[in-house]
Amino acid sequence: MPNMSLVKNKIPEQDPMVRNKNFKEVALGYTVEQAMDEAKRCLSCKNHPCVAGCPVNIKIPQFIAKVAEGYFEEAYQIIAQDSSLPAVCGRVCPQETQCEHLCVRGIKGEPVGIGRLERFVADYHNAHAKDEVKRPTPNGHKVAVVGAGPAGLTCAGDLAKMGYDVTIYEALHMAGGVLVYGIPEFRLPKAIVNKEVEGLKALGVKVETNVVIGRSISIDELMQDEGFEAVFIGSGAGLPSFMKIPGENLKGVFSANEFLTRTNLMKAYKDTADTPIFHGKRVAVVGGGNVAMDGARCALRLGADKVYIVYRRSEAELPARAEEVHHAKEEGVIFKLLNNPIEILGDENGFVKGMRCIKMQLGEPDASGRRRPVPIEGSEFELDVDTVIIAIGTSPNPLIRNTTKGLETNRHGCIVTNGEDGLTSREGVYAGGDAVTGAATVILAMGAGKSAAAAMDKYIQSK
Amino acid sequence: MYKIVERKELNPTVTKIVVEAPYVARKAEPGQFVILRVDEDGERIPLTIAGFNREAGTVDIIFQIVGATTEKMNHLNVGDSLHDVVGPLGNPTETEGLKKVAIVGGGVGCAIALPVAKKLHDLGCEVHSVVGFRNKDIVILEDEFRACSDKLVLMTDDGSYGVKGLVTAGLEELIQAGNEYDEVIAIGPVIMMKFVCQTTAKYNIKTIISMNPIMIDGTGMCGGCRLTVGGETKFACVDGPDFDGHQVDFAEAMSRATMYKAFERKRHEETCNLFKKEVQ
């Protein structure tokens, strides 16, 4: 008999007022009993709409059926057929707009906790499986992957499993991309990312860190001099946008990238790290996406007394996942919605001492279909802050497009591809993830890496 | 890991190391920089490339001990390794079309000015170098500058060696003597570069300076290195590090450089204590 409870099994979490002072993971994960109970809420319906909602089409009802029976390793093997980073996706995928959004149980009540189950299965596997990685038989072909983020890691993994000799080039000193520099430890422990990277290495993938493609070596040199038959570009969208308002270069104003990189990649929250970080007491984070929530929650953990999210639209338009907004609120982040910064104010030493904002109201829908925020005249006010974190988006780094002849990009700087395959305007050069779409999600980048790997295989085999 | 194959103390606080970094050595050009980390918990710091050997796959790094990271670096010996070295980053110094140039170097900035002077010299450009130091004991790279300069003016603040005075005075004297420079290239402390720019502005001589602000990744990702040039925000790592000195907002750049001063001082003291303990 299926479990007909209308609500999901709650996932145990650290208490908000405890966790907002540490960097340990917020959600603790299902127990075996909770996982099996939640799995029994799945009706194994014939149409399995959830699968269509998953960018990599994980066979969701099948893996959940195995969880319900207590065969967790079998469940893992089913997920692993389609996803190479389940422990990551179980944590950071926006399930509420993907698989779970389409779950029939969601019509009346809450959908099955697919994300939580994926996470449980992946963690169970990581804790129990005795990994005996079988190195695939080499097929004698060399391929290069640019960027060790979600797109690149997925593409590399798939190609390695087919027998390719894969080298990943990463600009930073550590593999993982946004998974290590952007997403904080309390949402995605770095040990999990590291385990995935080690898994790839065990498959024979070579990871060369500290190599900036476009500077250290170019795409053309990789293909002409180093003998790579195809290249996948998964270099992400790393260039931070600023607001272009007065005071933005004051001390205490950071891009979210800088603030998060110092905190996460450089571990500035630990006493042992040499990297400094500014411990603001009153912090405004400008923006309403997941990155803004990450910045706000990191600032709290670094000891801020007051942390504001300053966003120009209303709650309904917040681009962040509902879960992230909920967690941020629980931890004490204050939401200043329908407010827009117009100037950052500095003291005589060049440090931030406040931010002038103006109140907004929603007008007619704009090109994005969302109601356009318009300033309310005369409503300016000053927010008392000593730190401003700008989290209004990022765009792709120009380095690769500027150093690769014939690589077509659009007016946003994103690499143009033929769609599904990720083939660029250059023969043998494929691309996917944020470098193509602009800032998006981990799972979409993974999906792109996956389809590009298949296309690259087809291309090389038909040569 | 990036092995140190040579090490030489140029003066009590400035050390040169030659490091195996084949990717950097293969592509490096004067004016570019690397980002390095000394150890696992280390910070990423930018240092300009002072020289390179493409065949040997090595780069020269000359650094002054100013904080925890450079203190740790100074305790590494030949055979030890840096944890990470990435580059070459930034744009090379523009040398095309230059016929006569004055290079102004201040203190450890001379280490960065030297490869630019060498390259210009090799391209057949007339190079006048004005290099300044606080006193005789910290003079570095004198022979190297002499070898690639058509004229060398060596100066010390206290007159203990060479000509007494500041580099701005030395430069101004050359200009007043009738030398017409296509460009002045100034590399040194921000305050020195500011005054060089004030001097050259009077004579309307284009002046290029090399900025070395706080940064993390060096690839355009963090934006920590931003500065205002001609009223616009630029990133030193990808738009620079060379900029038209007459357009740079020096007050802002100097202010931003002090962002982490207190932390840096504390960390440096802690690191020094650590080494004293180990030495005993």
Side-chain angles (χ1 to χ4, degrees), chain A residues 169-174 181-182 208-218 221 235-242 244 248-262 265-268 270-279 346 349-351 390 394-399 402, chain B residues 2 21-24 26-27 32 34-45 67-69 72 83-90 214-228 232-233 235 238 249 251-264 266-267 270-271:
Chain A
Y169 294 97
E170 167 57 45
L172 291 171
H173 58 260
M174 186 186 270
Y181 76 73
E208 288 223 43
T209 52
N210 296 328
V211 180
V212 183
I213 300 301
R215 289 277 190 219
S216 312
I217 190 166
S218 68
E221 287 166 325
S235 50
L239 210 66
S241 303
F242 286 90
K244 297 188 166 44
E248 233 172 354
N249 292 348
L250 288 164
K251 288 177 283 187
V253 184
F254 306 94
S255 72
N257 265 2
E258 177 178 2
F259 192 74
L260 291 173
T261 301
R262 284 181 185 276
L265 179 72
M266 305 312 295
K267 307 263 174 282
K270 288 186 181 172
D271 282 343
T272 50
D274 281 338
T275 302
I277 190 145
F278 189 65
H279 293 265
N349 295 316
F351 281 95
I390 315 234
T394 54
S395 58
N397 192 305
L399 216 44
N402 289 347
Chain B
Y2 302 77
Y23 275 108
V24 184
R26 198 153 47 165
K27 284 290 182 70
Q32 291 186 296
V34 293
I35 289 220
L36 59 82
R37 281 203 317 159
V38 175
D39 52 36
E40 184 58 46
D41 282 331
E43 59 177 338
R44 295 169 63 98
I45 62 161
T69 299
K72 283 187 197 168
H83 204 283
D84 301 283
V85 178
V86 59
L89 301 169
I214 295 168
M215 58 177 78
I216 309 178
D217 61 292
T219 64
M221 208 183 86
C222 77
C225 66
R226 63 195 188 277
L227 71 165
T228 304
E232 264 181 69
T233 294
F235 288 5
V238 288
D249 182 340
E252 181 188 273
M254 282 188 274
S255 170
R256 286 184 65 79
T258 63
M259 177 80 219
Y260 299 105
K261 219 170 173 182
F263 176 91
E264 285 162 355
K266 182 167 155 274
R267 202 75 187 167
E270 286 168 2
T271 311

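Computed from a prediction, not measured in an experiment: that's the story for all the values here.
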Hey, does [Y] have a side-chain heavy atom less than 4.5 Å from the side chain of [X]?
X: B:Asp41; Y: A:Asp274; result: no
X: B:Met221; Y: A:Asn397; result: no
X: B:Asp217; Y: A:Leu172; result: yes

Max heavy-atom pair count under 4.5 Å with chain B, selected residue of [options]:
options: A:Gly252, A:Ala268, A:Gly350, A:Pro240; answer: A:Pro240
options: A:Glu221, A:Lys244, A:Met174; answer: A:Glu221
options: A:Asn349, A:Ile390, A:Val253; answer: A:Val253
options: A:Glu208, A:Arg262, A:Glu248, A:Lys267; answer: A:Arg262

Hey, what do you get for [atom1] ([X]) to [atom2] ([Y]), rounding to the nearest 0.5 Å?
X: B:Lys27; Y: A:Ile217; atom1: NZ; atom2: CD1; result: 6.5 Å
X: B:Cys222; Y: A:Leu239; atom1: SG; atom2: CG; result: 10.5 Å
X: B:Ile216; Y: A:Met266; atom1: CD1; atom2: CE; result: 7.0 Å
X: A:Phe254; Y: B:Met259; atom1: CZ; atom2: CE; result: 3.5 Å

Where on [X] is there a heavy atom nearer than 4.5 Å to chain A: the side chain, the backbone, both, or neither?
X: B:Ile214; value: side chain
X: B:Val38; value: neither
X: B:Arg256; value: both

Worksheet item: Could you go step by step and tell me if B:Thr228 and A:Asn249 meet the side-chain hydrogen bond (donor to acceptor under 3.5 Å, both in side chains) rule?
Response: CA-CA 8 Å; B:Thr228 304; A:Asn249 292 348; 3.1 Å; yes
Can you tell which part of [X] gets under 4.5 Å to a heavy atom of chain B, answering side chain, backbone, both or neither?
X: A:Asp271; result: backbone
X: A:Phe278; result: both
X: A:Leu260; result: neither

Between [options], which residue shows the highest count of heavy-atom pairs closer than 4.5 Å to chain A?
options: B:Gly42, B:Gly224, B:Gly90; value: B:Gly90
options: B:His83, B:Glu270, B:Glu264, B:Lys72; value: B:Lys72
options: B:Val85, B:Val24, B:Val238; value: B:Val85

Item to complete: Keeping the roles fixed (side chain from A:Lys251, backbone from B:Thr258), state whether a donor-acceptor pair exists under 3.5 Å.
Response: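 No: the side chain of A:Lys251 does not pair with the backbone of B:Thr258.
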Worksheet item: Is a side-chain N or O of A:Ser255 found less than 3.5 angstrom from the main chain of B:Gly223, in a donor-acceptor match?
Response: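 No; judged by distance alone, with no hydrogens or angles, the pair does not exist.
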Worksheet entry | B:Tyr23-A:Asn210 side chain donor-acceptor pair, cut-off 3.5 Å |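 Short answer, no.
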Worksheet item: Name the one of B:Glu43, B:Arg37, B:Arg267 that satisfies side-chain contact (heavy atoms from CB on, under 4.5 Å) with A:Thr275?
Response: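 The side-chain contact (heavy atoms from CB on, under 4.5 Å) with A:Thr275 is passed solely by B:Glu43 among B:Glu43, B:Arg37, B:Arg267.
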Worksheet item: How far apart are the closest heavy atoms of B:Gly87 and A:Ser216, and which atoms are they?
Response: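 Result for this residue pair: O-OG, 2.8 Å.
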Practice prompt. Identify the heavy atoms of A:Pro276 and B:Phe263 that sit nearest to each other, and give their distance.
Written response: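 Heavy atoms of A:Pro276 and B:Phe263 come nearest at CB-CD2, 3.3 Å.
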Worksheet entry | A:Val212 and B:Val86: CA distance, side-chain angles, deciding distance, side-chain contact (heavy atoms from CB on, under 4.5 Å) verdict | CA-CA 7 Å; A:Val212 183; B:Val86 59; 3.5 Å; yes
